[in-house]
Amino acid sequence: MPKTFLILDNPKPTNGLGPVLRCSSAFDITEVIFVGVAKCNTQGAHGANRHLQITSVATWEKAIAYVKDSSNENCIKVIGIDGIRGFQGKMIERGNNNEFSTIIDDFYSKLENLPVHSMSFDAKFPTAFIILDQRNSRNGQNDATLCEQLKMCTSIVHVQHFHPSNQLLIDTPSRLSIVLHYYNSQVGMKERHSEGFKFNVQSRQKVDSRLIEKLRNERQVRKKESEEEANAMYEEEAWGSDFFN
């Protein structure tokens, strides 16, 4: 099976990612990568986050580099899960009209954006999914982040809307689950065994205590470096600045 990654924007430790992590565990994401801080609010995960491998990096470029390094593959697919367009592909009002709007529209005009049921997922290469969000922001920071995300994508998929409303009617965990369902079905992922009305939950792997300590120390070092770098970038408002340099 190909490795599958989910790259998430995580600008602050109170960011609520519990339901998204629960979906990631259900659809057997190989690794979740936070761009930003290493901690998040896991309410709604119901313990599923403990069955996930989670890493944090400071920038979107480093997230893609990490995927390539972890997969030992230079050729990867980066698919954006669209939350910007609603019924019949209409752009949802973002609440912003700033210098990033033109860049965002330009990316959307160049990248292929298919309904998920029409997308052909390739099992030959590792795949990273990025959730493209339409959150409003007074200072345009979320639009800057969206620019960074679109810059990484090789294609985009969306979940079709059938209600004639120019609003996003499907929440993020639902969109993610629908896309991952189609992806897993195409790449041949087998369903988890169940007993009665419940799926069997994989036990957390037992590892030698010395290895656990070594991994913990390495992770703490990496976590500290990533958090310091990410916090410095947010304080300096450096997100998206490379588009104008």
Side-chain angles (χ1 to χ4, degrees), residues 1-57 60 63 66-67 70-71 76-86 113-117 119 121 123 126-135 145-146 149 152-153 155-161 168-194 197-205:
M1 289 293 104
K3 289 187 176 182
T4 312
F5 300 83
L6 178 63
I7 309 175
L8 298 172
D9 183 34
N10 190 40
K12 54 187 179 181
T14 57
N15 198 27
L17 295 175
V20 171
L21 296 178
R22 184 175 174 84
C23 295
S24 301
S25 178
F27 290 96
D28 203 20
I29 290 289
T30 305
E31 188 165 0
V32 176
I33 303 170
F34 290 165
V35 177
V37 297
K39 293 182 179 180
C40 72
N41 182 346
T42 59
Q43 184 176 359
H46 301 287
N49 55 297
R50 294 195 295 268
H51 298 275
L52 288 168
Q53 185 174 345
I54 301 175
T55 303
S56 64
V57 296
W60 294 94
Y66 180 85
V67 170
S70 300
S71 308
I76 63 171
K77 301 290 185 181
V78 183
I79 301 174
I81 301 176
D82 196 2
I84 312 300
R85 296 181 186 269
N113 189 347
L114 293 174
V116 65
H117 69 271
M119 183 74 171
F121 294 105
T127 300
F129 290 97
I130 297 177
I131 295 174
L132 306 176
D133 235 334
Q134 56 92 28
R135 295 167 297 173
T145 300
L146 180 57
Q149 292 172 325
M152 301 296 110
C153 292
S155 61
I156 304 174
V157 297
H158 64 270
V159 177
Q160 282 188 307
H161 284 56
L168 188 66
L169 302 177
I170 306 176
D171 62 11
T172 297
S174 299
R175 279 188 288 130
L176 176 63
S177 297
I178 293 169
V179 171
L180 292 180
H181 166 74
Y182 277 97
Y183 173 82
N184 284 353
S185 298
Q186 288 192 28
V187 301
M189 186 74 70
K190 294 183 178 180
E191 187 178 16
R192 183 179 294 170
H193 294 293
S194 61
F197 295 102
K198 291 186 177 182
F199 287 103
N200 294 328
V201 178
Q202 183 180 11
S203 301
R204 299 182 69 184
Q205 190 175 5

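Owing to the predicted nature of the structure, the values given are computational and were not obtained by experimental measurement. In what follows, every heavy atom counts, from backbone to side chain, and hydrogens, waters and symmetry copies are set aside.
Here Tyr183 pairs with Phe121, Phe129 under the ring-ring contact (aromatic ring centres under 6.0 Å, His included) rule; sequence neighbours left out. Checked against side chain to side chain contact (heavy atoms under 4.5 Å, CB included), Pro115 has the following partners two or more places apart in sequence or in another chain: His117, Ser118, His158, Gln160.
Minimum heavy-atom separation, Ala128 to Ile7: CB-CD1, 4.0 Å. When all heavy atoms are compared, the tightest approach of Ile54 to Asn49 is CD1-O, 4.3 Å. Between Pro126 and Phe5, the closest heavy-atom pair is CB-CE1, 4.5 Å. The minimum heavy-atom distance between Ser174 and Ile170, with the atom names listed, is CB-CG2, 3.5 Å. Asn15 and Asp9 get closest at one heavy-atom pair: ND2-O, 3.3 Å. Among all heavy-atom pairs drawn from Gly36 and Ser56, the shortest one is O-CB, 4.1 Å.
Counting only heavy atoms from C-beta outward, the side chains of Thr4 and Asp28 never approach each other to under 4.5 Å. No side-chain heavy atom of Gln149 sits under 4.5 Å from any side-chain heavy atom of Val35. Counting heavy atoms from C-beta outward, Val116 and His181 have side chains that stay 4.5 Å or more apart. Leu176 places a side-chain heavy atom less than 4.5 Å from the side chain of Leu6.
Annotation: the span from Ile81 atom CD1 to Cys153 atom SG amounts to 9.5 Å, rounded to 0.5 Å. Separation of atoms CZ (Arg175) and CD1 (Ile131) is listed at 6.5 Å; rounding is to 0.5 Å. Atom-to-atom distance recorded for Ile130:CD1 and Ile156:CD1 is 10.0 Å, nearest 0.5 angstrom. Going from atom CG of Leu8 over to atom OG of Ser24 covers 6.5 Å, rounded to the nearest 0.5 Å.
In summary, the side chains of Arg22 and Ser25 do not present any donor paired with an acceptor at a separation below 3.5 Å, with no hydrogens or angles considered. When only modelled atom types and interatomic distance are considered, Asp82 and Asn113 share a side-chain donor-acceptor pair under 3.5 Å.
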Exercise for review: Mind running side-chain contact (heavy atoms from CB on, under 4.5 Å) on Tyr182 and Val157 for me, showing each step along the way?
Suggested key: CA-CA 11 Å; Tyr182 277 97; Val157 297; over 6 Å; no
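Of the possible polar contacts, one joining the Asn10 side chain to the Lys39 backbone as a donor-acceptor pair under 3.5 Å is found.
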